[in-house]
Amino acid sequence: MADKLIYLDNNATTKVDEKVVEAMLPYFSEDYANPGGMYDFAKKVGHKLQDAREAVKEFMGANDQKEIYFTGCGSESANMAIRGVVNATPHKKHIITTKVEHPCVLNTYKDLEKQGHKVTYLGVDADGNLNFSELEAAILPETALVSLMAANNETGIIFPYEKVAEIVKQKNPETKVFVDAVQAAGKIKMDFKNTKVDFAGISGHKFHAPKGIGALYVKAGTPFVPLITGGHQERAKRAGTENTASIIGMGKAAELAIDALSDELTRVKKLRDKLERNILQNVFNARLNSSTGNRVPNTTNIGFEYIEGELILLYLNEHGICASSGSACTSGSLDPSHVLRAMGVPFTALHGSIRLSLSRYTTEEEIDYTCKVFPEIVEKINKLSPFQKELAELKSIKTHN
Ligand code: PLP
């Protein structure tokens, strides 16, 4: 194992902030009461849950605490919204989504297709952007739901979900809008009360809270059928004794993320841009798999032509650098990313694409070290490529430009 650890896989998960751990600790073996109890010992925990709900309400820009439901993860939030709408409107069999969603959304739609729903998958252009006329044309009287992500987990590209919700409601006010905001949380400001979005899901472990806790925003008055039935927790919309320590931890993480948004993320963006610029300048077969524009500040996705991304990840690992080739759920599979394929990334770079994602814990020294070793690593791997002629041609084109 390398003696360094440089963690550049923060879109997969993040380190739990020490202040979050500190906030959670009393709720394991001191204040361990079930918050549903009638006695003061339980009420004390109940009040803390309210504080956490208030913090998440502020973080997501909701109007009211009652619009926030705690869930078990981002995947559950997505399922709760999608299946919740579909089950509340059984006569409407049409759904619209995009080709670049996370598997927790795409596989839910595959399941609904088996149950007789028709799903329209919107494409994206080479920069990962949606075509609004295509979206508008796809909305039908029987469209139950339009669902899209706020920010893509592989490329960081931001979808203008506010505008999408406007278009949807103008064409069909009955159609509901779900936003998978898992990769936006903590990276861009969320203000759902000032949008026409009906549902939005987040996941604690993407913004320095623990794994296994999430939240769903539901605009007041929006009907949906619960996914988990049982007790009366979460106003009978998500049964199960509350994960008190994790909810309190996520509340703390939400407060910290609000504080960190401007200052820290300007710093993170600078580091991301430095890393990206260095790699693109110093590695002749590197190409950026998106535009530099509308992205969350911590993510870059770079394709290395004629070589295997998995090999880059292995060599990076030898230097203690953690990165990945796509979503945490699909890395480990050798299939090229569905996101990059939808964007039309050329075949020559599709297998050699990797994602680097930073956080507020990433330091300048870590980025400098990564910038230093990256060209050396790719140079070594280039020598192993069966495409020597193509690499030589590419090198000569790049050096003459
Ligand atoms: N949505 C997006 C965009 C994600 O990146 C992820 C996780 O990587 C999820 C949903 C699922 O979140 P969770 O792992 O909490 O289920």
Side-chain angles (χ1 to χ4, degrees), residues 61 77-79 81-86 88-89 91-113 116-184 188 190-201 216-219 222 224 289-291 293-296 327 337-345:
S77 300
N79 272 266
I82 295 167
R83 294 181 195 272
V85 168
V86 162
T89 49
H91 50 292
K92 294 189 177 177
K93 295 287 185 199
H94 182 233
I95 297 157
I96 300 171
T97 190
T98 83
K99 288 184 181 166
V100 298
E101 298 299 305
H102 186 270
C104 75
V105 166
L106 288 177
N107 287 333
T108 303
Y109 289 130
K110 279 203 190 118
D111 188 42
L112 290 172
E113 279 175 322
H117 287 82
K118 194 174 172 326
V119 183
T120 302
Y121 296 91
L122 301 173
V124 293
D125 67 15
D127 288 332
N129 298 316
L130 283 177
N131 178 326
F132 295 123
S133 332
E134 198 192 336
L135 162 73
E136 198 175 354
I139 304 164
L140 305 170
E142 65 270 27
T143 307
L145 179 69
V146 172
S147 105
L148 78 164
M149 59 206 327
N152 188 276
N153 44 304
E154 295 190 31
T155 59
I157 290 164
I158 296 169
F159 276 153
Y161 59 84
E162 304 90 337
K163 183 165 175 190
V164 167
E166 291 282 342
I167 293 172
V168 172
K169 298 291 178 178
Q170 204 159 35
K171 182 96 186 266
N172 185 350
E174 298 297 310
T175 300
K176 303 294 179 243
V177 177
F178 164 63
V179 172
D180 173 359
V182 166
Q183 293 290 349
I188 51 176
M190 295 179 286
D191 189 21
F192 287 106
K193 65 178 172 303
N194 287 319
T195 70
K196 296 205 160 88
V197 169
D198 301 288
F199 298 86
L216 180 68
Y217 160 83
V218 184
K219 200 175 274 298
T222 312
F224 70 103
N289 285 331
S290 67
S291 69
N294 209 15
R295 290 181 294 167
V296 288
S327 104
S337 142
H338 68 286
V339 175
L340 301 183
R341 268 185 296 159
M343 290 166 68
V345 167

> Which value, rounded to the nearest 0.5 Å, describes the distance between Ile158 atom CD1 and Asn294 atom CG?
Replying inline: 4.5 Å
>> Is the shortest side-chain heavy-atom distance between Met343 and Thr155 below 4.5 Å?
In response: yes
> At what distance, to the nearest 0.5 angstrom, does CD of Glu154 lie from NE2 of His338?
Replying inline: 6.0 Å
>> Counting C-beta onward and ignoring hydrogens, is there a side-chain heavy-atom pair between Tyr217 and Val179 closer than 4.5 Å?
In response: no
> Under 3.5 Å, is there a donor-acceptor pair between the side chain of Lys171 and the main chain of Ile139?
Replying inline: yes
> Counting only heavy atoms not in Gln170, do more than 12 sit closer than 6.0 Å to its CD atom?
Replying inline: no
> Is a side-chain donor or acceptor of Asn131 paired with a backbone partner of Asp125 at a separation under 3.5 angstrom?
Replying inline: no
> Taking the side chain as C-beta and beyond, is there a heavy-atom pair between Val296 and Gln183 under 4.5 Å?
Replying inline: no
> Does Thr89 reach the main-chain N or O of Lys92 with its side chain, forming a donor-acceptor pair under 3.5 Å?
Replying inline: no
> Where do Val105 and Ser147 come nearest, in terms of heavy atoms and distance?
Replying inline: CG1-OG, 3.9 Å
>> Which heavy atom of Ala150 sits nearest to which heavy atom of Ala184, and what is that distance?
In response: CB-CB, 3.6 Å
> How far apart are the closest heavy atoms of Met190 and Ala181, and which atoms are they?
Replying inline: SD-CB, 4.1 Å
>> Would you say that Phe192 contacts Lys219 through its side chain, given a criterion of any heavy-atom pair below 4.5 Å between the two side chains?
In response: no
>> Applying side chain to side chain contact (heavy atoms under 4.5 Å, CB included), can you list everything that pairs with Ser77, at least two apart in sequence or on another chain?
In response: Thr71, Leu216
>> Looking at every heavy atom in both Asn153 and His102, which two are closest together, and how far apart are they?
In response: ND2-CD2, 3.7 Å
> In Å, rounded to the nearest 0.5 Å, how long is the span from CG of Leu145 to CD of Glu174?
Replying inline: 13.5 Å
>> Any non-hydrogen side-chain atom of Tyr121 less than 4.5 Å from a side-chain atom of Thr97?
In response: yes
> Taking atom types as modelled, is there a side-chain donor on Glu101 or Thr98 under 3.5 Å from an acceptor on the other?
Replying inline: yes
>> Just to verify, what does Asp191 make a side chain to side chain donor-acceptor pair (under 3.5 Å) with, not counting sequence neighbours?
In response: Lys193, Asn194
>> Run Ile95 and Tyr109 through side chain to side chain contact (heavy atoms under 4.5 Å, CB included) and show every step you take.
In response: CA-CA 8 Å; Ile95 297 157; Tyr109 289 130; 3.3 Å; yes
> Which heavy-atom pair separates Ala78 from Cys104 by the least distance, and what is that distance?
Replying inline: CB-SG, 4.1 Å
With a cut-off of 3.5 Å and sequence neighbours excluded, list every side-chain donor-acceptor pair involving residues 160-169.
unit_1: Glu166; atom_1: OE1; unit_2: Lys196; atom_2: NZ; d: 3.2
unit_1: Lys169; atom_1: NZ; unit_2: Thr175; atom_2: O; d: 2.8
unit_1: Lys169; atom_1: NZ; unit_2: Asp198; atom_2: OD1; d: 3.3
unit_1: Lys169; atom_1: NZ; unit_2: Asp198; atom_2: OD2; d: 2.7

> So, do Leu130 and Val124 sit near enough that their side-chain heavy atoms are less than 4.5 Å apart?
Replying inline: yes
> What are the two closest non-hydrogen atoms of Asp127 and Ser290, and how far apart are they?
Replying inline: OD1-C, 4.0 Å
>> Treating Asn152 as the side-chain partner and Val100 as the backbone partner, does any N or O pair qualify as donor plus acceptor under 3.5 Å?
In response: yes
> Is there a donor-acceptor pair under 3.5 Å between the side chain of Asp180 and the backbone N or O of Val182?
Replying inline: yes
> Rounded to the nearest 0.5 Å, how far does CD1 of Ile82 lie from CZ of Phe224?
Replying inline: 13.5 Å
> Considering only heavy atoms from C-beta outward, does the side chain of Leu140 approach that of Thr143 to under 4.5 Å?
Replying inline: yes
>> Measuring only between side-chain heavy atoms, which start at C-beta, is Leu112 closer than 4.5 Å to Arg83?
In response: yes
